[in-house]
Amino acid sequence: MESISNIKRIHWIYQLKIVKLILLSHNGKKPMSSSTLNQPEVAATGKKGSVVNDIVIQIATSNGSGSQSANNILLRSIFNMGVPVSGKNLFPSNIQGLPTWFTIRASKDGWTGARREIDVLIAMNVESVVDDIRDLRPGGMLILNSELKQYLTRTDVKAHIVPFNELVVQCCPEVKLRKLVTNMIYVGVAGFLLSMDIEEIKKSIDKQFKTKPKVADLNRNAVTVGYNWASEHLVNDHDYVIERDHKTEGKILIEGNMATALGALYGGVTVVAWYPITPSSSVCENLIELLRHYRHDPDGKATYAVLQAEDEIASIGFVVGAGWTGARAMTATSGPGISLMSEFAGLSYFAEIPAVIVDVQRMGPSTGLPTRTCQGDIMKAYYLSHGDCKHIVLIPGSVQECYEFAMESLNLAERFQTLVLMLSDLDLGMNNWMSDPFKPPTKDMDRGKVLTAEDLDKVKQFGRYADVDGDGIPYRTLPGTKHPKAAFFTRGTGHTAAATYSEKAEDWKVNMDRLAKKFATARGMVPAPVIEHQGKGDVGIIAYGSSDVAVKESLSQMKAEKGLEATYLRIRALPTCDAIRDFITSKRVTYLVEQNRDAQMASILRAEYPELAAKLVSVLHYDGMPIEARTISDHILKFEKKA
C-alpha cells in the first residue's frame, strides 16, 4: 500500500495536463459589499446605465452538438478577465439531439449561485427557441441564428440576427466539422457585443486545445470571424459589458467531481470499484486518470486497483471486501445505486468494515430526472439498510470541501471501521466553480485501531468487537497478520465481543449499544457545522451542501430589501452535534433550506431534537434546478411578514 509520504511527493495537482485548471496570482481582494447588488455601473467602454459584470448569459443549443467546449471557453475568458463567474450545464438524459442549455453567471459581487433572470440569450436550437426567447428578460440581448428569425415576436429585447451557417463556410472548409465550429462563431459574436477582449478568448482556446494546434487554429479563426462580422454588421450599444477586473486572481475553476477525485487520490485510496451512472461517473473517470499518472512503483507497476463492476451491488461488494483486507476502498454512484447498495451498507456497519461511497445526488425517485440536481438522498444515506443502522455522512458545500471531505471520508471510515457516505450533488459535481487553490494534506492517513503482530504480543487477549477504550470503537487486525491471536470471524450475524456466533438477547443488545456509542463518538470527530454569517436578530437559517451559495446571496438580498439580518449555520456532516441544537434553541425561528420535497434534514433534526421541532420552518425546492437566492428570500420574507 502506498504511503502518504509518496503521495505528498506528487507534483501539485493543478499543474496536471488532465486537470486543466486556470491559475492566476492572488491579490487577496474580496467581493464587493451587498449594498452594490444589482446596481448598474458606468462601463469604461460603455455608457451610463450599462450593466457591467453582473450578467447572466444563457446558451441554448442541442445535446451532442459540441457546444460544451465553446461554452467553457467563453466562461473561462470571462474568468481570465478577472470577473467572478460560474457555469451551469443543463442537459437531457439522452445521448444526442434534445435541447441543452449552458448558463454563465458573471457577478462583480462574487455570487455564483443560480439566478432566474436571463440577460443575454444565444438562441441556436429550433426545438426550444420559442420558450428561450420568452424567458429572456425585457431589455435583454438576443443573439439569434438567422434561420430562426421567424420565431422572434418580441419587441422589448435587443435582437442581433446572425447568419451562422453562412459565416461557418468562410472559416471551415470541412463540412463535417461545421456544426462544431459554429459554436465558436457565437463565442466571437458574444465577445464583441459584451465588449470582451478577443485576445483573452484566444488564450482560452489555446489552453483548451494546447495539445491540438490545428484544432486551436481552426477555433481561433472561427472566433475571429464571428467577432469581426459582429463589429462590421452589429451595433454594440454597451447595454451589457464584461469589463476587466481583478477579482479572480489566485483562483481556479474546477468541477466538484474532479475535486472529489483529487481528494481521493491524496487521501490514499487504493481500490476503486464502480458502475457508471450520471452524475457520478466523472468522479471515477477522473480518478482513474490520476491513478494511472501517479500511482505506480519505481518499476512502473500499478499500486492501485480499479474495477468496473457489472452493477452497483457488485461494486460495493468489491469495496467492502477490499476494506476488510486493509485497502482504502471507495465507490461513486447516485440515488439508484445507493438503493441497490443497501444490504452491503448494513454489512459494513454491523461487521465494522471500512468503506466509502460518494453519492452525487440526482432527482428521484425511480429513474427520475438523471440530469437534474437535488438533495433527496440525505435521509436514505443516514439510515441506509434495514434494522437499526445509522451512518456517518459528509456533506460538502463547495468544490474545496469535495476535495477535503473525500480525503476525510477515507480517514473516518478506517477510524470508525464503518461505511462513510459523502453526499455531493449534480450541481456541485458536474459544474465549474471558482475556488481558492487546494492545499496538499499536512497530516498522515488515519488507519484507526489496527493491531500489528507486535501489538498483539503486548495484549492478553484480542476481542474483535470488544470496547476496550470506552469509545465504542473496537480494535481490528488485518488478514495475513502472523500471530496466533490475530484471526477472527467476520460475520453479519449476531456475535459476541470475541466475534463468536451468538443469538443470545444479551449479546445482541450489548453489541448494538456499543455501535450506538461508537456513533456518538463520531459526533465529535466529523466536520463540525460552521456559522457562515452572524446576524443581529432572532432569525436563524440552516442549510447544507450546494444550497450554501444561494443562502449567502439571499442573506444579502433580505438585508438590503427588508433589513432582515439572519444568522446562518451550515451543516457539514451527520451525526448531529450540540452546536446544531444550541443554534436552534437560541433562535425564535430557524428556516431549514433543502433541495428536496420531504424536508429530509428537518425530519432528522426533529427526530434528534423533538423538543425543538416547532422552531423549524422548512424552505423546500425540488424542481430539479439549482436553488436560487430569490426563492429563499421570497419564502422567508413571506413567512416573516405573517409572523
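- Judged by distance alone, the side chain of N432 and the main-chain N or O of V85 form no donor-acceptor pair under 3.5 Å.
- Taking CD1 from I353 and CZ from F344, the interatomic distance works out to 9.5 Å, rounded to the nearest 0.5 Å.
- Y304 does not carry R295 over the face of its six-membered ring by the limits of under 6.0 Å from the centre and within 45° of the normal.
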Tell me, with the steps shown, if R523 and T576 meet side-chain hydrogen bond (donor to acceptor under 3.5 Å, both in side chains).
-> CA-CA 6 Å; R523 295 182 190 276; T576 61; 3.1 Å; yes

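- Each of N431, T103, D427 was evaluated against K88; a single residue qualifies, D427, per the side-chain hydrogen bond (donor to acceptor under 3.5 Å, both in side chains) test.
- Residues passing the salt bridge (Lys or Arg N to Asp or Glu O under 4.0 Å) test with K212: none are found, sequence neighbours excluded.
- A salt bridge does not link K380 to D359: none of the charged side-chain nitrogens sits closer than 4.0 Å to a carboxylate oxygen.
- If you take NZ on K518 and CD on E352, they are separated by 3.5 Å, rounding to the nearest 0.5 Å.
- Using a cut-off of 4.0 Å between Lys/Arg side-chain N and Asp/Glu carboxylate O, D548 and K552 are scored as salt-bridged.
- Enclosure of atom CD in E343 is not indicated, since only 12 or fewer non-hydrogen atoms of other residues, nucleotides or ligands lie within 6.0 angstrom.
- Only one option out of D425, T373, I277, D377 pairs with R362 in a side chain to side chain contact (heavy atoms under 4.5 Å, CB included); it is I277.
- For the pair S547 (side chain) and V593 (backbone), a donor-acceptor distance under 3.5 Å is absent.
- Using the six-membered ring where Trp is involved, Y382 and F519 have ring planes that are tilted, between 30° and 60° apart.
- For R415 and E408, the salt-bridge test fails: no basic side-chain N is under 4.0 Å from an acidic carboxylate O.
- A side-chain donor-acceptor contact under 3.5 Å links E594 and Y544.
- Other residues, nucleotides and ligands contribute at most 12 non-hydrogen atoms within 6.0 Å of the OH atom of Y275.
- Distance alone, capped at 3.5 Å, is enough to place a donor-acceptor pair between the R514 side chain and the G472 backbone.
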Just list the side-chain donor-acceptor pairs under 3.5 Å for residues 363-371, sequence neighbours left out, or say none.
from: T371; atom 1: OG1; to: F91; atom 2: O; distance (Å): 2.5

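- Among all heavy-atom pairs drawn from M341 and S315, the shortest one is CE-OG, 3.5 Å.
- By the 4.0 Å N-to-carboxylate-O rule, D471 lies too far from K517 to be salt-bridged with it.
- Donor-acceptor pairing under 3.5 Å is recorded for the side chains of T452 and D455.
- Proximity of a side-chain donor or acceptor of N183 to a complementary backbone N or O of S69 within less than 3.5 Å is not detected.
- The pair E532-R572 fails the salt-bridge criterion, with no side-chain N (NZ, NE, NH1 or NH2) lying under 4.0 Å from an Asp/Glu carboxylate O.
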